[in-house]
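Working notes for the structure below.
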Amino acid sequence: MNIIDQIITRYQENFGQMPDHIARAPGRVNLLGEHVDYNDGFVLPAAIDRATYVAFSPTDAPHSTLVAADFNQQTFFSAESISSKTQADASPLPEWGLYPAGVMWSLMQENLSVPSINAVFASDVPRGSGLSSSASVEMAFMIAWQTLGGWALPPMQLALLSQKAENKYVGVNCGIMDQFASACGAANKLLLLDCRSLEWKAVPLPENVSIVIADTTVRRKLTSGEYNKHRAACEEAVRLLQQNLPNIKSLRDVSVEEFNRLADQLPAEIEKRARHVVEEIGRSNQAEALLEAGDIQSFGRLMNECHASLRDLYEVSCPELNVMAGIAQSIEGCYGARLTGAGFGGCTVNLVAKERVDGFSKILAKSYESKTGLHPEIYITSVSNGAELLK
Ligand code: ADP
Ligand code: MG
């Protein structure tokens, strides 16, 4: 049964009627610009054809009832109970409930109407693997409440309110990229986002290439401590570089040339972290021109350089990601391969000539398995629309 039929069936079992609406919000993959969103840099994500789907209707009940079909669990909360992060009976919210409850909280902060709903949701975005299942859950509920609340906001605004939910309610200090890509995605388009101004444009994905996502199946979460340490290193680099460059506000403002001139003034570890960011912003600055010129070879090289930089300078890779990217880079027809997402496990993203995709996927899976003993998941991905109401 496909995922939409599954949630409709579950909805009928749970609530005794058909749902009025179905919404869908995709996960995302980032092609270039990794760990630069919180340094005011540029990122190049795309919405993927894996998504969270929610079946929902309004209810007269004073609380919302949500079923997470993938966990076979249910929660219920009201406008009153969410301010204390509890269910309507004052018991704690399940961890997954924080995401939709956070969305409701974030909308209430804006004085937007968030009526009670009955909902069943399920997703084929793998969890915790760098494809942003959390943003897809948030955006699916954003669409649900927008549909029933009688208001409408631009997708970027929905993304910002989702990010606020994740930062302030769930307590994960993520940048804007995940929610942005899930909200603003467009079929066959890469999204080039300036994380400082939030200006963005859609750049066509060249027709003769496919995006292949390869899941190492290793989940070593980048702990929030680790993530915060990396963020702090970037901030410390800015503070030290300001002695010579008083006008910089973030590493975005430092050119590669300036950085090379001043790098020896930084402690070794800070220098490595900052060098990744400065050079990665330099790489993502070239992306648009290369894609528009159809120069996939050069664009792919930037992806390979990005992987090496995440491995050696930013140090957020792991052996399995290095094996996966290394194999891919050696296969004919692969333009570029790198870890995607925060790192320490999860997926690689590969840009592959369309006519080679099947062979590529088979060789990659086989070699990875023989080198690691792990059975990888390979997704040949198409680039999809952003969050939307299907019915
Ligand atoms: P990711 O990189 O996939 O976004 P996160 O750790 O940010 O990983 O978010 C994963 C969390 O999002 C899960 O632990 C769960 O709380 C929530 N989530 C994701 N997908 C689902 C789902 N299908 N059903 C319920 N909750 C989900
Ligand atoms: Mg997430």
Side-chain angles (χ1 to χ4, degrees), residues 29-45 128-132 172-175 177-178 195 213-241 250-252 254 256 258-260 262-284 300-330 336-350 368 371-372 374 376:
V29 67
N30 187 26
L31 282 260
L32 205 62
E34 207 65 85
H35 283 286
V36 301
D37 55 347
Y38 51 85
N39 290 292
D40 285 346
F42 299 86
V43 294
L44 189 68
S129 65
L131 303 180
S132 213
V172 176
N173 200 9
C174 58
M177 171 170 63
D178 301 355
C195 295
I213 295 170
D215 192 339
T216 61
T217 70
V218 175
R219 300 278 183 275
R220 262 178 236 123
K221 255 196 153 178
L222 177 63
T223 63
S224 55
E226 201 75 48
Y227 181 80
N228 290 340
K229 254 176 30 198
H230 280 76
R231 283 186 81 139
C234 297
E235 283 160 22
E236 178 66 2
V238 172
R239 203 182 58 78
L240 293 169
L241 290 168
S250 69
L251 290 173
R252 153 81 174 269
V254 184
V256 175
E258 282 169 331
F259 188 79
N260 285 337
L262 300 168
D264 60 2
Q265 301 178 5
L266 301 176
E269 186 172 302
I270 305 250
E271 193 227 317
K272 280 203 281 188
R273 304 296 185 253
R275 180 178 291 284
H276 164 74
V277 172
V278 170
E279 292 180 351
E280 180 73 352
I281 291 174
R283 281 188 284 273
S284 45
R301 248 193 318 273
L302 296 180
M303 291 174 69
N304 293 345
E305 286 171 23
C306 171
H307 183 80
S309 180
L310 290 167
R311 181 189 63 207
D312 302 334
L313 298 177
Y314 219 62
E315 298 182 279
V316 292
S317 191
C318 68
E320 295 84 358
L321 282 168
N322 294 337
V323 167
M324 189 74 98
I327 297 167
Q329 288 170 8
S330 73
R338 66 176 198 85
L339 78 86
T340 185
F344 292 117
C347 296
T348 62
V349 58
N350 307 269
Y368 179 77
K371 287 200 164 128
T372 62
L374 297 168

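Quantities reported herein were computed from a predicted structural model and do not represent experimental measurements. Values below: every heavy atom of this structure, side chains too, minus hydrogens, waters and symmetry copies.
- Asn30 places none of its side-chain heavy atoms less than 4.5 Å from the side chain of Ser132.
- Put simply, the side chain of Val36 does not reach to within 4.5 Å of the side chain of Cys195, judged on heavy atoms.
- Across Ala274 and Phe259, no two heavy atoms sit closer than the pair CB-CE1, 3.6 Å.
- For Asn39, the side-chain hydrogen bond (donor to acceptor under 3.5 Å, both in side chains) criterion is met by no residue, not counting sequence neighbours.
- A heavy-atom distance below 4.5 Å is found between the side chains of Cys306 and Leu32.
- Looking at heavy atoms from C-beta onward, His35 lies out of side-chain contact with Val277 at the 4.5 angstrom threshold.
- Residue His307 forms a side chain to side chain donor-acceptor pair (under 3.5 Å) with just one option from Asn322, Thr348, Thr340, and that option is Asn322.
- Inter-residue side-chain proximity for Val349 and Met303 is flagged as met; some heavy-atom pair is nearer than 4.5 Å.
- Side-chain contact between Arg275 and Val256 is absent, with no heavy-atom pair separated by less than 4.5 Å.
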TODO: Any chance you could lay out the side-chain contact (heavy atoms from CB on, under 4.5 Å) test for Asp40 and Leu251, step after step, and finish with the verdict?
DONE: CA-CA 7 Å; Asp40 285 346; Leu251 290 173; over 6 Å; no
- [ ] List the steps, then state whether side-chain contact (heavy atoms from CB on, under 4.5 Å) holds for Glu34 with Val316.
- [x] CA-CA 10 Å; Glu34 207 65 85; Val316 292; over 6 Å; no
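- Scanning for side chain to side chain contact (heavy atoms under 4.5 Å, CB included) contacts around Val218 gives Thr216, Arg220, Glu320, Tyr368, Leu374, with sequence neighbours left out.
- Looking at heavy atoms from C-beta onward, Gln265 lies out of side-chain contact with Ile270 at the 4.5 angstrom threshold.
- Below 30°, between 30° and 60°, or above 60°: for His230 and Tyr314 the angle between ring planes is between 30° and 60°, a tilted geometry.
- In terms of heavy atoms, Leu321 sits closest to Gly346 at CD2-O, 3.9 Å.
- Atom NZ of residue Lys371 and atom CD1 of residue Ile327 lie 4.5 Å apart, to the nearest 0.5 angstrom.
- Between Ala337 and Asn350, the shortest heavy-atom contact is CB-OD1, 3.1 Å.
- Judged by distance alone, with hydrogens and angles left aside, the side-chain atoms of Asp37 form no donor-acceptor pair with the main-chain N or O of Phe42 at under 3.5 Å.
- Note on Glu269 versus Arg273: salt bridge recorded, some NZ/NE/NH1/NH2 to OD/OE distance being below 4.0 Å.
- Residues Met177 and Pro45 approach most closely at CG-CG, 3.9 Å, considering heavy atoms.
- Side chains of Leu266 and Leu241 form a contact here, defined as non-hydrogen atoms less than 4.5 Å apart.
- Residues Asp215 and Ser129 approach most closely at OD2-CB, 3.7 Å, considering heavy atoms.
- One distance of note links NE2 of His276 with SG of Cys234; it measures 8.0 Å at 0.5 Å rounding.
- Considering only residues two or more places apart in sequence or on other chains, Glu258 meets the salt bridge (charged side-chain N to carboxylate O under 4.0 Å, His left out) condition with none of them.
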